[in-house]
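Just follow the structure's listing: the first ligand is 1, and inside any ligand the first atom is 1.
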Amino acid sequence: MSEMLTSNLTNLQEALRPATLVAVSKTYPTEAIQKAYAIGQRDFGENKVQEMCDKAEQLPEDIRWHLIGHLQRNKVKYIVDFVHLIHSVDSLKLLKEIEKRAANAERTVNCLLQVHIAKEDTKFGLDEQELEQIAESTEVAKMQHVKICGLMGMATFTDNQAQVKSEFAYLKSLFDTLKMRNLNDVFDIKILSMGMSGDYQIAIEQGSNMVRIGSAIFGERN
Ligand SMILES: *Cc1c(COP(=O)(O)O)cnc(C)c1O
């Protein structure tokens, strides 16, 4: 099992370069993270605040923790001191809370805006109009403790590759447009987080530069 983890991870690190590989360690024990860490992996993703805090406490300080799951405003305070990148900013209200808590912590917190690109309506994220509201917001332009580094999205869970491809292409086009606008100092658009175990190849073809992969590294989740 542990040899499998090592070869899965090494192959992916190689195949995905220069994109950043975020190893999604949710539900897997700290031992699995330590094995990945031992062969150089530093970026890890978690979808639950409590689990990320518990693991961060037990593991080396130079791990870069990515919060990839839905984030409730009342939980921002628990991660603001150490989180490396929040992928799942899906409202202006949440961004305002991150700004407030980051100011208290005297940090700048890196964020991605999560865009809803899937057909399923269960997945969180901004629509194009809400994205535009954040881009144009004078309130956002004044923020001193958040950096908006790019976009994140999840494609529909389907075998239809053409659909997944078109959803990723759509997100890439939003990313390119936002990047070209050079809005203000709060925006430093450079990260496009898309692709998981089942669709990372399509995501990379469509211009992703950060993929979030769990089961293809650590094995099937229970
Ligand atoms: C769980 C999860 C992943 C990784 O999923 P795998 O299919 O295990 O690669 C990626 N992104 C998000 C937001 C997730 O919740």
Heavy-atom nearest neighbour in the protein, as seen from atom 13 (C) of ligand 1, with distance rounded to 0.1 Å: Ile68 O, 3.5 Å

Where ligand 1 meets Gly214 - atom numbers and elements under 4.0 angstrom, heavy-atom basis: 4 (C), 6 (P), 8 (O), 9 (O)

Proximity flag Arg221 to ligand 1, non-hydrogen atoms under 4.0 Å: yes

Check against side chain to side chain contact (heavy atoms under 4.5 Å, CB included), Met194 and Val211: CA-CA 5 Å; Met194 59 184 197; Val211 293; over 6 Å; no

N/O separation below 3.5 Å, Ser215 to ligand 1: yes

Ring geometry between Phe44 and Trp65 (parallel below 30°, tilted from 30 to 60°, perpendicular above 60°): tilted

Nearest protein heavy atom with distance in Å, relative to atom 4 (C) of ligand 1: Arg212 O, 3.7 Å

Pi-cation contact, Tyr37 with Arg42 (under 6.0 Å, within 45°): yes

Within 6.0 angstrom of Asp159 CG, more than 12 heavy atoms from elsewhere: no

Identity and distance of the protein heavy atom lying nearest atom 9 (O) of ligand 1: Ser197 OG, 2.5 Å

NZ/NE/NH1/NH2 to OD/OE distance under 4.0 Å, Lys26 and Glu51: no

Any side-chain heavy-atom pair of Ile33 and Glu46 under 4.5 Å: yes

Atoms of ligand 1 close to Ile213 [distance to a heavy atom under 4.0 angstrom, numbered from 1]: 9 (O)

Structural part of Met154 in contact with ligand 1, heavy atom criterion under 4.0 angstrom: side chain

Protein residue, atom and distance nearest to atom 2 (C) of ligand 1, heavy-atom basis: Lys26 NZ, 2.6 Å

Electrostatic pair Glu14:Arg17 at N-O distance under 4.0 angstrom: yes

